[in-house]
Structures are given as C-alpha cells and as structure tokens.
Colleague: 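Following this message is one structure expressed as structure tokens.
Here is the naming used below: chain letters follow the sequence lines, and residue numbers restart at 1 for every chain. Side chains are part of it too, since the values below use all heavy atoms of this structure and drop only hydrogens, waters and symmetry mates.
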Amino acid sequence: MPQLFHPSTNTFAKVSIFGAIFLIAAVLWVFLSIERSSYVTQAGVVREQPIPFSHRHHVSQLGIDCRYCHTTVEESNFAGIPPTKTCMACHSQIHATAEMLEPVRESWRTGKSLEWIRVHDLPDFVYFNHSIHVKKGVGCETCHGPVGKMALTWREKSLNMEWCLECHRAPEKFVRPRQFVFSMDWHPEIDQKILGEKIVKEYDINRLTNCSICHR
Amino acid sequence: MAEEKDKTKTESPFIEPGHTYGSITDKISSMILTRKTPLGWFIGFGIAFSLMMVLLFSITYLFMKGTGIWGLNIPVGWGFAIINFVWWIGIGHAGTLISAILLLFRQEWRTSINRFAEAMTLFAVAAAGIFPLIHMGRPWLFYWLMPYPNTMNLWPQFRSPLVWDVFAVSTYALVSLLFWYTGLVPDFGSLRDRAKNKFAQKAYGILSMGWRGSAIHWHRYETAYLLLAGLATPLVISVHTIVSFDFAMAIIPGWHATIFPPYFVAGAVYAGFAMVLTLIIPLRKVYGLQDFITIRHLRNMAKVMLATGLIVAYGYMMEAFTAWYSGSEYEQFMILNRMRGPYAPVFWALIICNVVVPQFLWFERFQSKVGALFAIAIVVNIGMWLERFIIVVTSLHRDFLPSSWGMYAGTFWDWSIYFGSIGLFFTLMFIFLRIMPAISIFEMRTLVKGSKKKIEN
C-alpha cells in the first residue's frame, strides 16, 4: 500500500498535542480579557451628549463644587442630575446666545427636561447608594476617576461586581478623610495603609460582602 | 452436529464456532466498508433524524419563549428536564459497567458488546447533558457553572450537589470518550488498511493516529486501556450517587433518604442494560450478527437486569418501610400519597414495569427468547422513566403546606423535547453504526482460540 501521509505528519501530530493545550489556554485567556475589556464594560468610552457639557471647564476651571449640580449625592442613593434651572443660573448671562447652548434655552422655554445620555448605569438588580459612600469617606474620584479632567464624561471603572468587592473587602485601601471626598487630585500625606486603617476605625467602616447588601 | 447443538443449549459460546481471524475482520469491517447499507438503517435513521429535528425546533422555541412553555410551576419546579436528565444518565451506566468493570473482572463475554455499549454511554450522556442546560433561565450563561475567575468574583456554590453534578457528569463524559476512542484506535488501523477509497483511508488514517500494530504499540495500548478502565470504574458508582444527591441532599419528604445512592446506581445499571438489549436485539437481526452476539450474551444481560431490578425493588420497599418506621408524618403522607394520591396510576404502572414484569427473567424460557427479552427491556425502559417521574413529581407536588399543593403535567413542548432527545440519541447511534466498527474487531479475534477449542473436543 502506498504511503497515506507524508512523513512530516508525525511531527505535526506531536506538535498538535502540545499545541492543543496552548490553544485552549489562549482561548480561555482571550475570553477572560474580552469580558473585562472596555468593549464589554464600556469603561473609558466617551459618551456623546446632547450638549457638550464639560466637567473640566465647570469643575477645574470654574471651581464649582460637585454638590452644586449633583445636589442629592450626600443624602440619597441617587446623586442627582442638574435641572435646566441650574444651568440657566449662569447661562442666562454667560454665552447667553451661543449656538451650542440652544438646547438648554429651548428646554428652559418649553419646560421639557434635557435628555442626558447615562454614563453609569448599574443593572436594576443591584442596589447602590451614594450617601453611605460619601459619609464613610469614599471620594468621588475613587469611583468616577478624574472628573475634573473630562471634557466629555466617561465611565472610569468597569462597574463589575468584582470591582465593588475589591473595595468592600478592603475599604482601608481606598477611603479618605471626609473633607476631601469632593476634591479632585487628592493624595494622602501619610501612607494610605496607616491612614486608611485610622479612618476605618474612626468612621466605623465595615466590610460589607453579604450578597443581600447589594442584591436586595 | 447433534452433539454440538446440545452443547450450545446448555452453554452456547460467546462466538459461534468456525470463525477465524480473517473472517471476523471481514465480517465486521464489511458492515462499514463494503456491504450495502441495509434498508433498516435508512428507515431507522430517517425516523431518528426527523425526531432530532423536532428537538431542534422545540429548543429554538424554548429559547425564544423561556421555560414558561413547559408545565413547570410552583410547587413542581423540577419537571421533565430533570426526569429526562436522570433517565439518560442512568442509561449510560451500563456502557461503563460493561466496558470497565467487566474488563477488570475478565468477563470475556463483554467483548462483543462493549464497543457498542460505550457508544451508547456517550450518546446517552450527550442527550442527558442537554437537559440541565435548557432548564436554565438564561442558557447562554451555562459557563457560570464552571469555576473560573469571573467578573463577579464568585465561585460556584461548592456545597451544592448541582455543582457536584457538573463535575461528575463532565468527568464521566470525558473519561467515557477517551476510553471509547482508545479502544477504537487499533480498529481504525484495520479499517484504514482495508478501506478502498482515498477519503476513507485518510479519515481512518487520521483517527488511527499512526497505529501500526507493533509490539510497542500493543504494549502501550494495553497499559493505557487498563488505566482508563481503572479510572472509569469508580465513575460507575460515583456519577449516579451524585445525581441521587440532587435529591437526597434536599429535605423534601421522599428525597431525604440515605438509600438513594445505592438505589440510584442499581437503577442506572438496570435501565442501562435494558437499553443495551433494546438496541442490540434489532441490531443483530438487521446486520446478521447472531454469531457474534449470541443467546448467551442476551442471557447474561438478562441476568444482570434481573439482579439490579431486584435491588431496585428492594429500594422501593425500603422507601415505604423507612417512611413508616421514621414516624415522620410528612414521610408517611408522601408514601400514601404516592400509592393512593392523584399520581397513583403512574406509581402502580411503575411497580408493574420495574418489579412485576422483570420477574419473568427468572425463567430460562424467557431469558433466551429474543422477542420476550426485547419486550421486557422496553417495559423496563418505560418503568425507569416512570420511576423518575414519581420521585420528582410526587414529592414536590404535595409538600409540607397544603395551601401550596398543586398538580403537574407535561405540556406538548415537554414531550416534544423528550422524544426529540430520543431522536438525537438514535441519530448518533445510527451514524456510529455506519462509520465505526460497532463490535471490537481485534478483541473478537482473541475469542477465536476459545471457539476453536470447543470444536475440537
């Protein structure tokens, strides 16, 4: 009988056995990476808004406090999105005729709210509360990133459950004194480890990892 | 001749006399390579394939609509999907028992049926595997069952028997596949050498992985096969034990019982042998394999069925006994409700199928009558399905709180998926028969010496 296969198939067969292991490992790795990529989590993806509202402008350059616009962040689960009235407090004077701000004025005339595109949106089966985080010394920056540098808002973190848990398991690595919660660009003066442990004790911060804390 | 006939009557051989190495290889490989595919194959495949299409259609509809199209509801949240899962997994067990345990016990008669039974195991596990997956609300997230570093930082609940199930069944499927394939390698070599057309030569060539039949090959083969048999042996016990834990770990009356593991394992082997008989009796007729799969094989299988059937009957008895002996009001109610409640006809049908009918197997007359064996095997198959129905449904439908009682019945889609899974199983089986040696060629050859001796003396 003639040779069915070329002798090189022997090598090929041996390589393919080892190759299979690497192939499986690679496929697994690819899937795990995709799951955490910004393509899936939308982290770092800049959202187009109806009006190109710039936090960089209003927060860093004008120095407006977060609470001026996100009024309920300290006492409610919802941080609050400013109503048109808040914008008009300044923009009835500043840039009062700018083309860019026409939607704001139109909303002001008609009384119809501006429709911002949500940047952060947890699934409805997750309970989240801003007030507790603000009170226990978690800075806006820790979760939302350098908002003061954002010309258009993007989501800094993945909002995956593993991200919430990373902090809930070890809050001392992330917390800061209350007076700096709203500051951007804050850095601990002493080692975060020592400071964090002190704050955890002082504010009585617990490690909340029970499922029903977030899934109620 | 007359004398020989006499001998076959007392103890017919495992292979009819007169076969040589060549004739065995010819006969088995001709089933695939040269002989015209019998008409029976086409008819059978056509029916099975149509049923499989029903399965695909039903599952598509299920994925569109969700499990609401089934009869599931509170209080019976486990319906056909679990019944069918346990049924199929159980059927698989005979294959592993025949191929691994009987190999280790050096039971020669396994030789002509082991290949076939192992294939049955694989296909039964494939059919079983569908059910837990389609029973999920979001089947596309099935991989959450696996422990891997996911974005939720969660591991599966390792204390849950449903997670043990995942490992038990996937290990079982993997080991069965390896075992089956390893056994096939030398035969693929023979087929490669005998195949006439280029495509078949290449295909069997690849599958045989360069098998040349040298002494080293045989040595390694024997070692690997024995090791795999050793690996597969505990699985026969462990897989169905764990499946039984799905029930036994729950505190539902009628489920929370220590007898469940052994009783499930025996039930699995019982159902499995019934399925082997159901398949092999028509097979040997259509392909004319009466000289390889002799009456003695059928009788041996009938005896295993009888023995495991008795263990299962003992299990039923003990369920009733412990319910009475426990003094637990709920357990007692559960048993009475089984026997006298709304599902009583199903329960008594189960007793007839699984306990009464198999008693015919005590008699040699029935053991060696092919038609009777076939009928009994079918009855046992049905009985084992009814048994799972009774276990799942009667315990759930009337539990502790009378206000939450309810009734359960399968809908059209429950049945279409069940029959569809039978279609899937048979489709795979028919394809296997067409392209692979259903009987191990080289192992049959080892029987030749024995049969020659029988002729000599």
Colleague: With sequence neighbours excluded, tell me which residues meet ring-ring contact (aromatic ring centres under 6.0 Å, His included) with A:Tyr68.
Modeller: none
Colleague: Residues in ring-ring contact (aromatic ring centres under 6.0 Å, His included) with B:His217, at least two apart?
Modeller: B:Trp211
Colleague: Quick one: what part of B:Ile206 sits under 4.5 Å from any heavy atom of chain A, side chain, backbone, both or neither?
Modeller: both
Colleague: Report, one line per pair, each donor and acceptor closer than 3.5 Å where one atom sits in a side chain of residues 13-30 of chain A; sequence neighbours left out.
Modeller:
{"from": "A:Ser16", "atom 1": "OG", "to": "A:Phe12", "atom 2": "O", "distance (Å)": "3.4"}
{"from": "A:Ser16", "atom 1": "OG", "to": "A:Ala13", "atom 2": "O", "distance (Å)": "2.7"}

Colleague: Does either side chain, that of B:Ser160 or that of B:Gln157, offer a donor lying less than 3.5 Å from an acceptor on the other one?
Modeller: no
Colleague: Are a donor atom and an acceptor atom from the side chains of B:Tyr172 and B:Ser238 found within less than 3.5 Å of each other?
Modeller: no
Colleague: If you check every heavy atom in residues 33-51 of chain A against those of chain B, which residues fall under 4.5 Å?
Modeller: A:Glu35, A:Arg36
Colleague: Taking side-chain hydrogen bond (donor to acceptor under 3.5 Å, both in side chains) as the criterion, tell me which of A:Lys157, A:Arg155, A:Glu156, A:His120 meets it with A:His144.
Modeller: A:His120
